Amino acid sequence: MLYLFSANEKSLIEELWEYFETTYFSPEIPRLNNFTLGTGTLVTLKTILIGLTFGIIFASFITIYNKRYLGGFIRKLLHEECLGASSAKTLEELGYAKSFGVKHAIKTDGTLSRWVRCVEEDEFLAEIEKKRTEFEEAHKADEKPPRFKEISFKRDLNTMHFYILEEKKYAADVKFDAKGANWGSFALVAVVSILLCAFLSFVLPDIIKMVDNFISVMKN
């Protein structure tokens with residue numbers, strides 16, 4: 001516990017908690033003429049505001065992470081002109097063999113899976129589709145044909161070869177353009193969002209009072 005005390009002998013942590021509790025959980029309710037507003041409603045509004053703020057910050061983080069970190073892998077594929085099965089390369093060849101984030105995104109059908117193709121998976125799916133067609137053809141006369149047994153592709157990230165479809169080249173280049181997406185921008189968004197949230201939380205009772213006054217004016 002911090003041993004910093006104010007004149008009334010309260011610790012710094014105690015004073016911060018008292019301020020937080022008073023501001024967010026015991027807000028002053030304005031006197032309203034046209035509708036009733038309870039403490040719980042005002043607290044809920046402030047909680048929603050805080051949730052939206054952290055939602056914006058999280059969305060900003062994900063956007064920059066995708067463009068800067070995962071986007072680096074996309075840009076590497078484009079730079080190496082891996083635009084087809086014949087020019088596909090492994091993670092080792094692309095310099096991403098030890099990149100946990102990229103490997104996880106590929107393995108879990110994340111952001112990269114919508115843009116990056118794998119030669120081995122393409123061949124596997126083509127073979128499965130061929131077997132499915134042959135199976136259905138062989139059992140088309142059966143009254144109750146058996147179900148085709150599905151087989152999942154087992155990914156070996158150390159041997160798989162990756163590429164981007166030629167027709168997705170420009171779309172991928174635009175989507176993962178890292179210009180303006182940096183951690184300085186994220187810090188700015190976070191600070192501005194938090195300050196704006198604090199300001200709106202502070203003036204929220206006044207805003208509600210203004211709305212109430214406006215309704216009174218409209219009634220008259």
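One is the number of the first residue; the rest follow in order along the sequence. Note: hydrogens, waters and symmetry copies are ignored here, and every other heavy atom, side chains too, is used. Keep in mind that this is a model prediction, so the values were computed, not measured.
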Single-linkage hydrophobic cluster Leu200~Val191, side-chain heavy atoms < 4.5 angstrom | no
Can you see which heavy atom on Thr90 is nearest to which on Thr159, and at what distance?
-> CG2-O, 4.0 Å
Distance-only, no hydrogens or angles: does the Lys67 side chain make a donor-acceptor pair with backbone N or O of Lys175 under 3.5 Å?
-> yes
Step through the shown structure and confirm whether more than 12 heavy atoms of other residues, nucleotides or ligands are within 6.0 Å of CD on Glu92.
-> no
After noting the C-alpha distance and the side-chain angles of Phe54 and Cys197, does the key distance pass the side-chain contact (heavy atoms from CB on, under 4.5 Å) rule?
-> CA-CA 10 Å; Phe54 282 97; Cys197 176; over 6 Å; no
Of all heavy-atom pairs linking Glu81 and Ser87, the shortest is O-OG, 3.2 Å
Dump the intermediate steps for side-chain contact (heavy atoms from CB on, under 4.5 Å) on Ile106 and Leu91, then the final yes or no.
-> CA-CA 11 Å; Ile106 293 173; Leu91 292 178; 4.1 Å; yes
Does Val119 belong to the same Ile/Leu/Val/Met/Phe/Trp/Tyr cluster as Ile128, with side-chain heavy atoms less than 4.5 Å apart forming each link?
-> no
Report whether Phe124 and Phe148 are members of the same hydrophobic cluster (ILVMFWY, side-chain heavy atoms less than 4.5 Å apart, transitive linking).
-> yes
Treat each ILVMFWY residue as a node, draw an edge where side-chain heavy atoms are under 4.5 Å apart, and state whether Tyr96 and Leu78 are in one component.
-> yes
Gap between atom CD1 of Ile74 and atom NZ of Lys169 - 0.5 Å precision | 13.5 Å
One should read off an interatomic distance between Arg155 CZ and Glu120 CD, to the nearest 0.5 angstrom, of 11.5 Å
When clusters are formed by joining ILVMFWY residues with side-chain heavy atoms under 4.5 Å apart, either directly or through shared neighbours, do Trp115 and Phe73 land in the same one?
-> yes
